[in-house]
Amino acid sequence: MTTAAGTPSDRSVLPVTERYTVLGWLRRNLFSDLFNSLLTIVAIGFVIFIARLLLRWAFVNAEWGVIPANFNLIMRGQYPSAEAWRLWLIIHLLGAVVGMMWRLISGQFSGAARVLVAIPFVLMLIPFFAMETRLNLLITAAASGVGYLFAGSLYIQRRGRATAYLLLVYLVVMLILLRGAGADEGLMPPVQPILWGGLLLSLLLAFFGITLSFPLGVLLALGRQSKLPAIRVISVVYIEFIRGVPLISLLFMGQVMLQLFLPDGFPLVDRVLRALVAITLFSAAYTAENVRGGLQSISRGQYEAAQALGLSTFQSTIHIILPQALRAVIPVLVGQFISLFKDTTLVALVGIFDLLGIARTIIANPDWLGTQPEVFAFIAVLFWIFSYSMSYASRRIEQRLGVGER
């Protein structure tokens, strides 16, 4: 193994016993010379000092009793306790759907699938969870396995389309279970969205914001590339205007002005739906710019090849250009979606009790004064779990599609 200059690389000149060992890695990366050794020692000392302070606070000084006492409030807000079974049913169905989708997309039980199935078992170890919660998590893990095996027994030729239909059906069932149906005396009495809160509401806002803004953003990106002046101007004006306005302004505008754009006699739109509209419009503008960057990365030869095959503009865009553009901007899109998930905390400023709004309510309770570090630390861990999960899924998709390799 040689470098560009033709001389042996640093690894090749090392003894064989030091090339692929822990000591060899430490020598090459942390203790290669006197200066790096001093930096390493100082950094280790600083990390130990900070870790001691954090561990002492976490295990000695912190009042973690605030978390189990308000756990249900953090998870679902003011959603009625008598209807909590509907939320667990949604989670169980999600486990089954994820298992089926994984089998339809990948066709194999890979290492990532093992990690996915292991998540409920890891969550069961959290001491804040009651026995009922642990049992439901176990059912969720079992449901994902059953869904995986069930999908393997089916013969489906167009797996991508089947996956899209499965996801669409799940979304409809989830909304019915959350919202309820029928009269108040029925099996599932209606639960108004204003009662949704906590982690439940944050995830719903992020999920539907991403799901609805993605196709709208793709259409805006294509519209900005359009040769029709009217469509191009409308797309450019929308994208530049929305990107020039902060999200909090759109949230306030949605709460105040959305009803003004609806026809007379239209039912009053719920505050949660108004916030979702603002989040969707905001995210769509940034998605459009990201997708436009992917479209511009496609070489002119791809367009010419599509024309040579006799494909129309619509066919070449759908089957050749757009798939390559989206594949190229997967990291950027996932980064934007993670940012959108964290930006949902801004809805607390317009009176909606999402995860951050519930946290502010808890620390304002006289019984839990002085517990701000514990509450916000727990909220930060929840955000980190879901953000890292999206980042991990993004890396797996990039590896599967060979992004940056071919």
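None of these values were measured; they are calculated from a predicted model. For the numbers below, each heavy atom of this structure counts, side chains included, while hydrogens, waters and symmetry mates do not.
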Requested in this report: Check whether any side-chain heavy atom of Phe353 sits under 4.5 Å from a side-chain heavy atom of Leu201, and report yes or no.
Outcome: no
**Report entry** Point-to-point distance, once rounded to the nearest 0.5 Å, from CG of Leu73 to CG of Asn365
**Finding:** 9.5 Å
**Report entry** Side-chain (Gln302) to main-chain (Ser299) donor-acceptor, under 3.5 angstrom
**Finding:** no
Query raised in the report: Is a side-chain N or O of Ser283 found less than 3.5 angstrom from the main chain of Ile279, in a donor-acceptor match?
Result: no
Query - Phe341/Phe207 aromatic ring centres below 6.0 Å - result: no
Report summary line: Output for pair (Leu326 CG, Ile321 CD1), nearest 0.5 Å, gives 11.5 Å
Query raised in the report: Taking atom CG of Asn136 and atom NE2 of His92, what is their separation to the nearest 0.5 Å?
Result: 4.0 Å
Requested in this report: Please check if the side chain of Ser226 supplies one atom and the backbone of Leu222 the other of a donor-acceptor pair under 3.5 Å.
Outcome: no
Query raised in the report: Under the salt bridge (charged side-chain N to carboxylate O under 4.0 Å, His left out) test, which residues partner Arg86, sequence neighbours left out?
Result: Glu83
Query raised in the report: Are any non-hydrogen side-chain atoms of Tyr303 and Arg300 less than 4.5 angstrom apart?
Result: yes
**Report entry** Worked verdict on Val191 versus Leu178 for side-chain contact (heavy atoms from CB on, under 4.5 Å)
**Finding:** CA-CA 7 Å; Val191 179; Leu178 279 175; over 6 Å; no
Query raised in the report: Can you name the ring-ring contact (aromatic ring centres under 6.0 Å, His included) partners of Trp57, sequence neighbours left out?
Result: Trp64
Query raised in the report: Could Arg27 and Phe31 be counted as a cation-pi pair, given that NZ or CZ must be under 6.0 Å from the ring centre and within 45° of the axis?
Result: no
Report task. Start with the C-alpha gap between Leu346 and Leu349, add the side-chain angles, then the distance that decides, and say whether side-chain contact (heavy atoms from CB on, under 4.5 Å) holds. Result -> CA-CA 6 Å; Leu346 292 175; Leu349 300 178; 4.2 Å; yes
Query raised in the report: Side chains of Leu171 and Met174: closer than 4.5 Å at any heavy-atom pair?
Result: yes
Query raised in the report: Considering all heavy atoms of both residues, which atom of Ala84 and which atom of Arg76 are nearest to each other, and what is their separation?
Result: CB-NH1, 3.9 Å
Query raised in the report: Would a distance-only check, ignoring hydrogens and angles, find a side-chain to backbone donor-acceptor pair under 3.5 Å from Ser339 to Gly335?
Result: no
Query raised in the report: Do you know the tightest heavy-atom contact between Ile362 and Ile74?
Result: CD1-CG1, 3.6 Å
**Report entry** Side-chain heavy atoms of Gln225 within contact of Arg232, under 4.5 Å
**Finding:** no
Query raised in the report: Is any side-chain heavy atom of Ile330 less than 4.5 Å from a side-chain heavy atom of Ser394?
Result: yes
Requested in this report: Give every residue pair that meets the salt bridge (charged side-chain N to carboxylate O under 4.0 Å, His left out) criterion with at least one member in residues 332-358, sequence neighbours excluded.
Outcome: none
Report summary line: Scanning both residues in full, the closest heavy-atom pair of Ala141 with Ser144 reads O-OG, 2.6 Å
Which donor-acceptor pairs under 3.5 Å do the side chains of residues 238-251 make with protein atoms, sequence neighbours left out?
from   : atom 1 : to     : atom 2 : distance (Å)
Tyr238 : OH     : Leu281 : O      : 2.8
Glu240 : OE2    : Arg224 : NH1    : 3.0
Glu240 : OE2    : Arg224 : NH2    : 3.1

Report summary line: On a heavy-atom basis, the closest approach of Thr280 and Gly209 is OG1-CA, 4.0 Å
Report task. Look only at the side chain of Tyr170 and the backbone of Ile90, and say whether a donor-acceptor pair between them is shorter than 3.5 Å. Result -> yes
Query raised in the report: Is the gap between the ring centers of Tyr286 and Phe282 under 6.0 Å?
Result: yes
Query raised in the report: Do Arg274 and Asp270 come close enough that some side-chain heavy atom pair is under 4.5 Å?
Result: no
Query raised in the report: Do we see a donor-acceptor contact under 3.5 Å between the side chains of Asn290 and Gln336?
Result: yes
Query raised in the report: Can you find a heavy atom in the side chain of Thr140 that is under 4.5 Å from one in the side chain of Leu94?
Result: no
**Report entry** Test applied, side chain to side chain contact (heavy atoms under 4.5 Å, CB included); reference residue, Thr287; option that passes from Leu340, Leu220, Leu333
**Finding:** Leu333
**Report entry** Heavy-atom closest pair, residues Leu30 and Thr40
**Finding:** O-OG1, 2.7 Å
Query - Test log, rule side-chain contact (heavy atoms from CB on, under 4.5 Å), inputs His319 and Leu311 - result: CA-CA 10 Å; His319 298 291; Leu311 298 179; 5.5 Å; no
Requested in this report: Calculate, to the nearest 0.5 Å, the distance between atoms CD1 and CG belonging to Ile379 and Leu199 respectively.
Outcome: 8.0 Å
Query raised in the report: Can you list the residues that meet the salt bridge (charged side-chain N to carboxylate O under 4.0 Å, His left out) rule with Glu63, with sequence neighbours excluded?
Result: none
**Report entry** Ser202 side chain vs Leu355 backbone, donor-acceptor pair below 3.5 Å
**Finding:** yes
Requested in this report: Using a cut-off of 6.0 Å, state whether more than 12 heavy atoms not belonging to Phe376 lie near its atom CZ.
Outcome: yes
Query raised in the report: Do Ser391 and Arg395 have a side chain donor and acceptor closer than 3.5 Å?
Result: yes
Query raised in the report: Are any side-chain N or O atoms of Arg271 and backbone N or O atoms of Gly351, one a donor and one an acceptor, separated by less than 3.5 Å?
Result: yes
**Report entry** All ring-ring contact (aromatic ring centres under 6.0 Å, His included) counterparts of Tyr388, not counting sequence neighbours
**Finding:** Trp384
Query raised in the report: If you measure from CZ on Arg327 to CG on Leu322, what distance do you get to the nearest 0.5 Å?
Result: 13.5 Å
Report task. May I ask you to decide if Asn29's main-chain N or O and Ser32's side chain share a donor-acceptor pair within less than 3.5 Å? Result -> no
Requested in this report: For residues Leu177 and Tyr79, report the shortest heavy-atom separation together with the two atoms involved.
Outcome: O-OH, 3.6 Å
Query - Thr371 side-chain N/O to Glu374 backbone N/O, donor-acceptor pair under 3.5 Å - result: no
Query raised in the report: Can you tell if the side chain of Gln255 reaches within under 4.5 Å of the side chain of Ile352, non-hydrogen atoms only?
Result: yes
Query raised in the report: Yes or no on side-chain contact (heavy atoms from CB on, under 4.5 Å) for Val172 and Val169, after CA distance, side-chain angles and deciding distance?
Result: CA-CA 5 Å; Val172 174; Val169 171; 5.9 Å; no
Query - Separation between OG1 of Thr133 and CE of Met75, rounded to the nearest 0.5 Å - result: 9.5 Å
Query raised in the report: Is it true that a side-chain atom of Thr211 and a backbone atom of Phe208 form a donor plus acceptor pair closer than 3.5 Å?
Result: no
Query raised in the report: In this structure, are over 12 heavy atoms from other groups packed under 6.0 Å from Arg179 atom CZ?
Result: yes
